[in-house]
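Proteins get letters first, then strands, A, B, ... in listed order; numbering begins at 1 in each. The structure displayed is predicted, hence computed values, not measured ones.
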2 protein chains.
Amino acid sequence: MTKGRQWVLVKPYDGLPKRTDLELQKFEIPDLKDGEMLIAAEALSVDPYMRYWGSALKKGDTIMGQIVARVVKSNNPGFKAGDRVSAFTGWVSHAVVSSHTSSDFVDLLNHFPVTKIPDSLKDYPPSLSLGVLGMPGLTAYFGILRVGKLKPKDTVFVNAAAGAVGSLVGQIAKIKYNRCTCKTTKQGCKVIGSTGSDEKVKYLTEELGFDAAFNYKVVTHDKLSETLSKLAPDGIDVFFENVGGEASSVVYKHLNKNGRVAVCGSISNYNCPEDAMPKVTEFIQHLFYKSIQIQGFIVLEFMSEFEGALKEMAGWMQEGKLKYREHVHKGFDKMFDAFMDLFAGNNIGKVVVTV
Amino acid sequence: MTKGRQWVLVKPYDGLPKRTDLELQKFEIPDLKDGEMLIAAEALSVDPYMRYWGSALKKGDTIMGQIVARVVKSNNPGFKAGDRVSAFTGWVSHAVVSSHTSSDFVDLLNHFPVTKIPDSLKDYPPSLSLGVLGMPGLTAYFGILRVGKLKPKDTVFVNAAAGAVGSLVGQIAKIKYNRCTCKTTKQGCKVIGSTGSDEKVKYLTEELGFDAAFNYKVVTHDKLSETLSKLAPDGIDVFFENVGGEASSVVYKHLNKNGRVAVCGSISNYNCPEDAMPKVTEFIQHLFYKSIQIQGFIVLEFMSEFEGALKEMAGWMQEGKLKYREHVHKGFDKMFDAFMDLFAGNNIGKVVVTV
């Protein structure tokens with residue numbers, strides 16, 4: 001019987017995950033029942049949410065996550081061997097799935113089907129379906145346009161701006177409202193990003209077209225207000241929030257009337273137990289007199305519209321408007337190292353593991 | 001020439017306002033120009049926002065606020081002597097106004113017209129137009145129904161629940177979705193309030209029909225989570241936020257998926273300078289995975305719909321469904337004492353000063 005490999009939690013996380021919390025185990029791949037298929041991972045996604053939702057994992061659970069895989073063998077009439085699919089199997093080399101994946105720990109993922117990678121994306125590397133043409137891309141797209149309700153001339157501030165999601169948020173804002181018909185940037189959106197190194201600042205402003213960016217390790221939160229006053233003298237209309245923490249409390253002060261905050265994540269506190277969250281400066285007093293809206297979201301809410309969004313994003317890529325980078329680790333045994341790279345902030349763009 | 005009296009800021013607030021920060025001054029009432037009228041205050045409103053926006057007052061400014069007044073003399077074709085009006089004149093005994101009041105310190109108030117008290121309210125005491133049939137009533141109405149997007153079976157949590165706004169929020173929720181056709185409370189909304197004394201707890205549950213209430217001086221924020229788990233075992237759908245602070249961070253944890261937070265105010269920190277806001281436990285991690293929406297609002301956003309709302313509220317009062325209390329101070333010279341009563345939490349319901 002063929003063997004697969006999987007990453008399993010053996011000790012619930014306490015703070016930053018440790019290598020000894022996980023084990024790379026072999027498992028026997030069961031025979032296919034009717035409607036099932038065997039898939040083999042080509043690329044695996046590594047995302048911050050795996051730490052957040054990882055708190056819900058029990059000992060013996062497979063680490064959650066999305067993969068892009070080839071169908072090896074199929075008893076499902078909708079799929080044939082050779083098809084490329086995306087699935088929420090977790091960190092596995094192989095999996096037997098039906099058209100829906102079952103996930104015990106996150107109810108939302110139960111509704112996430114195994115989907116064929118659309119034909120329109122077949123010429124792109126499979127890993128892109130985990131990044132710019134996958135969840136992070138869709139999160140950026142729906143987050144800034146739908147949750148952030150982006151309008152022409154908005155000033156956008158995004159943190160973790162060189163990450164898989166943030167790097168796309170800023171570009172999408174500029175693509176949507178920086179058309180040549182507008183002639184000048186003043187008619188389009190202004191995008192400001194914060195990130196963790198000078199190299200990333202350069203990447204954002206010189207390669208991705210952000211109007212401004214700064215290194216939050218230099219512009220610490222005590223200096224942030226002054227910096228935002230300079231970079232966004234007319235205030236911020238949309239705050240795309242990936243990080244949380246004290247710096248975010250400062251950003252609220254700079255929001256304009258009817259400002260919108262799209263809360264995508266809070267990576268700064270994922271390694272902190274829920275009962276020991278840090279304290280941050282109260283910002284509620286900025287909300288009512290400026291009629292500010294804060295909306296938390298998960299991209300799966302927009303699932304019925306994924307196809308159109310991916311088509312639009314792929315179009316932008318073909319026109320050279322939407323750029324991306326991948327931070328690739330090679331080998332299924334590198335999953336943990338790739339995961340740790342995220343929290344160390346070593347990546348520019350999407351972190352993936354290719355098999 | 002006739003003299004009027006007004007309360008003027010002589011020293012900008014630092015923390016809790018002091019009696020010496022204000023002066024009760026006489027002023028000469030000018031002659032009426034075309035389109036103007038002289039009004040004499042019958043009742044004056046005292047509200048928490050006067051402290052919040054009070055930070056924007058400069059030395060020599062009249063304290064802001066709404067009054068109900070009689071027209072004494074009119075050169076404005078829309079009003080005649082004897083008409084009862086509401087106006088945003090600030091803390092004054094008399095004022096010369098045109099149909100719009102001018103307010104230098106709060107742009108929003110510039111758009112607030114001098115309005116006749118509708119005929120349908122003429123049998124109610126004038127002070128009610130500052131409370132249950134005025135701004136606080138409308139704030140509760142639009143805040144819970146429109147901003148909080150109240151639905152049948154929602155569990156509502158409101159703080160400062162025995163105040164001018166909170167006491168109405170809970171009642172409106174119960175009136176809207178606790179119809180006799182529903183037979184049982186389980187089909188209607190469940191309303192939980194927090195307030196500052198056992199007497200107020202009794203008022204909320206025994207007189208106003210709240211399902212549960214507790215004294216936040218006994219159930220301090222370290223005990224709040226346990227209490228909310230008991231009182232709202234199925235979680236909270238709408239959090240009507242008047243207070244802010246550490247307790248609110250705990251409430252976020254108890255919000256359900258698609259929970260809504262209507263941010264009306266944050267009285268706990270109005271006496272705190274903006275650059276020295278307290279620190280509260282980070283709650284952002286509860287927002288994205290539960291798709292929670294937080295919306296700050298000011299009732300003036302709904303001005304075009306005030307009339308219909310007041311009619312509905314007056315109807316509920318006539319049917320004995322909507323109850324209210326006033327905490328009345330007599331005499332224009334009592335404005336400061338009335339203001340301080342608010343921050344001491346001495347009031348049940350709306351604080352007004354009658355002249």
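If you check the side chains of A:Lys149 and A:Gln295, you find no donor sitting under 3.5 Å from an acceptor. Between the side chains of A:Ser55 and A:Glu274, no donor N or O sits under 3.5 Å from an acceptor N or O.
Between chain A and the residues B:Ser291, B:Ala276, B:Ser266, the largest count of heavy-atom pairs under 4.5 Å involves B:Ser291. When the candidates B:Lys290, B:His286, B:Arg260 are compared by the number of heavy-atom contacts under 4.5 Å with chain A, B:His286 comes out ahead.
The aromatic rings of A:Phe157 and A:Phe214 lie parallel to each other, their planes meeting at an angle below 30°, with 60° marking the opposite boundary.
For chain B, the nearby part of A:Lys253 is the side chain; its heavy atoms alone come within less than 4.5 Å.
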- Pair B:Tyr52-A:Phe288, ring pair (Phe, Tyr, Trp, His ring centres under 6.0 Å): steps then yes or no: CA-CA 11 Å; B:Tyr52 181 72; A:Phe288 46 92; 5.1 Å; yes
